[in-house]
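Remember, it's 1-based here, ligands and their atoms both numbered in the order they're listed.
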Amino acid sequence: MLNIVLFGPPGAGKGTQSQKLIAHYHLVHLSTGDLLRAQIAQGTELGLRAKKLMDEGLLVPDEVVIGMIDSALSANEEAAGFIFDGFPRTVPQAESLDRLLAQHRAQIGCMVALEVKEEELVTRLLERGKTSNRPDDQDETKIRRRVTVYNTETAQVAGYYAAQHKFHALNGTGAIDDIFGQVCAVIDQHRAALDEAPAAATEEVQA
Ligand SMILES: Nc1ncnc2c1ncn2[C@@H]1O[C@H](COP(=O)(O)OP(=O)(O)O)[C@@H](O)[C@H]1O
């Protein structure tokens, strides 16, 4: 199994790169933002509660997104692997993901972070807001709050994967295809390392 975490602030290009990666590696795309928006569209109670927080640019509780990921993993037992987009966003989410994957005898191959400066993020998200229908993309104050939440609550997840030697940061500014090439190079390098020592790598996760 090839499991990748695509990381970076809102507007960094995770969704765009995810679409290219699922086609290239035949992976299942798991975006907690998309899963939450599906709950909102269905008008579920979970969706109603999440919407209030999402519209303000705040995180929804860990147990909500962990539960959604747990269900999605079980619903895709035959998958060749997953791209996690927008998850994990906190250290407890990262710890839960390792536990859940271990239950499926799998692990994270690597985390690839797309780095983009705040002013560029704000420009991109306001542009996306013109067509995306996402309330959190239409208001600069909310966009900046999401970037702040990323810097204060989410950025430390990078350290969690760095400690496992799985973290790689790339410049997320430039041509989409150039960035895609760099993301693939990182993934292929990690995949080769995992193929060489799968047993040792699995023990590390279970320890
Ligand atoms: N893993 C998560 N943990 C907590 N909240 C989440 C998570 N994923 C998504 N959300 C909620 O959904 C919103 C939108 O997320 P997402 O679609 O990933 O967009 P973006 O990365 O552009 O902010 C977030 O601001 C947050 O409220």
Got the closest protein heavy atom to atom 12 (O) of ligand 1, with its distance? M54 CE, 3.3 Å
So, regarding Q93 and ligand 1 (criterion: nitrogen or oxygen to nitrogen or oxygen, under 3.5 Å), is there a contact or not? yes
Counting heavy atoms only, which part of M68 comes closer than 4.0 Å to ligand 1: side chain, backbone, both or neither? neither
N/O to N/O below 3.5 Å, does that happen between D85 and ligand 1? no
Say whether L100 and V91 are linked into one hydrophobic cluster, either directly or through other cluster members, by side-chain heavy-atom distances under 4.5 angstrom. yes
What part of R146, side chain from CB on, backbone N/CA/C/O, both or neither, has a heavy atom under 4.0 Å from ligand 1? side chain
Answer yes or no: does an N/O atom from D34 fall short of 3.5 Å to an N/O atom of ligand 1? no
Test of understanding: clusters of I, L, V, M, F, W, Y form through side-chain heavy atoms closer than 4.5 Å, transitively. Do V112 and V116 belong to the same one? no
Proximity to ligand 1 by part of V65, non-hydrogen separation under 4.0 Å: side chain
Short N/O distance, under 3.5 Å, between P9 and ligand 1? no
Can you pull out the closest protein heavy atom to atom 21 (O) of ligand 1? Residue, atom name and distance to 0.1 Å, please. R89 NH2, 3.3 Å
Please classify the R134 to ligand 1 contact at 4.0 Å (heavy-atom distances, strictly less than): side chain, backbone, both or neither. side chain
Who's the nearest protein heavy-atom neighbour of atom 8 (N) of ligand 1, and how far? T32 OG1, 2.7 Å
If we only count N/O pairs under 3.5 Å, is D136 in contact with ligand 1? no
Name the closest protein heavy atom to atom 10 (N) of ligand 1, giving the residue it belongs to and the distance to 0.1 Å. L36 CD1, 3.5 Å
Is there any N or O on L58 that sits under 3.5 Å from an N or O of ligand 1? yes
